[in-house]
Amino acid sequence: MFFIFKPTYVFDKVPDITPEFLKKKHIEGLLLDLDNTLTTHNNPVVPQSSLEWIGLMKANGIKLMIVSNNHAPRVTPFAQQLGLDFECEGAKPLTFGYSRAIKRMGLDKRNVAAVGDQIFTDVMGSNLKGIRSIFVFPIKPEESLPFRIKRACEKPFLPKFDTSCK
Ligand SMILES: [Mg+2]
């Protein structure tokens, strides 16, 4: 039953995902997690590395949408800075947010993958939705106790990076 926690592909961080890789895997759209995937938790600043990567993806015709469990006041200004569509209150690992986003993208779900840093939300949600997932390691370890507990629970399911992305 642990397949539900298994990502399809694994990268160290978002900027390592290349247009060439996505083309090879027939991925035309990405559903992007926000916190600790594109930037650190609740950080309003877009890191240069994420900014450049998003530009590269757009230039290569990859459709992008942010799907975050966070709330509108957090997600809206961040997405607007990047010129990206978004779904907030994504309720991952439930699939409503992913379903809405895929519909808005107008792509077949077989050509869509979700990118995120958490096994129990991003990866599990993708598996429940029946789409591929790209796991990236969190940008920065969280310090709050609930998060540390969550990360400890994730540990047995964490993939070794570079195993499946070649
Ligand atoms: Mg996250």
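What you see below is based on every heavy atom in this structure, not just the backbone, and it leaves out hydrogens, waters and symmetry mates. In listed order, ligands and their atoms are each counted from 1.
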Chemist: So, taking the atom named CG in N36 and the one named CZ in F137, what distance separates them when rounded to the nearest 0.5 Å?
Modeler: 12.5 Å
Chemist: Using 4.0 Å as the upper bound for N to carboxylate O, is an ion pair formed by K150 and E142?
Modeler: no
Chemist: For the pair R151 and D117, find out whether any cationic side-chain nitrogen is under 4.0 Å from an anionic carboxylate oxygen.
Modeler: yes
Chemist: Using distance alone, with no hydrogens and no angle criterion, decide if D35 and N69 have a side-chain donor and acceptor under 3.5 Å apart.
Modeler: no
Chemist: Going by the side chain to side chain donor-acceptor pair (under 3.5 Å) test, which pairs reach into residues 59-68, not counting sequence neighbours?
Modeler: K23-N60
Chemist: Test V136 against every option in L38, T37, D122 by the side-chain contact (heavy atoms from CB on, under 4.5 Å) rule and name the one that passes.
Modeler: T37
Chemist: So, at under 2.8 Å, which protein N, O or S atoms would a careful student list around the Mg ion (ligand 1)?
Modeler: D33 OD2, D35 O, D117 OD1
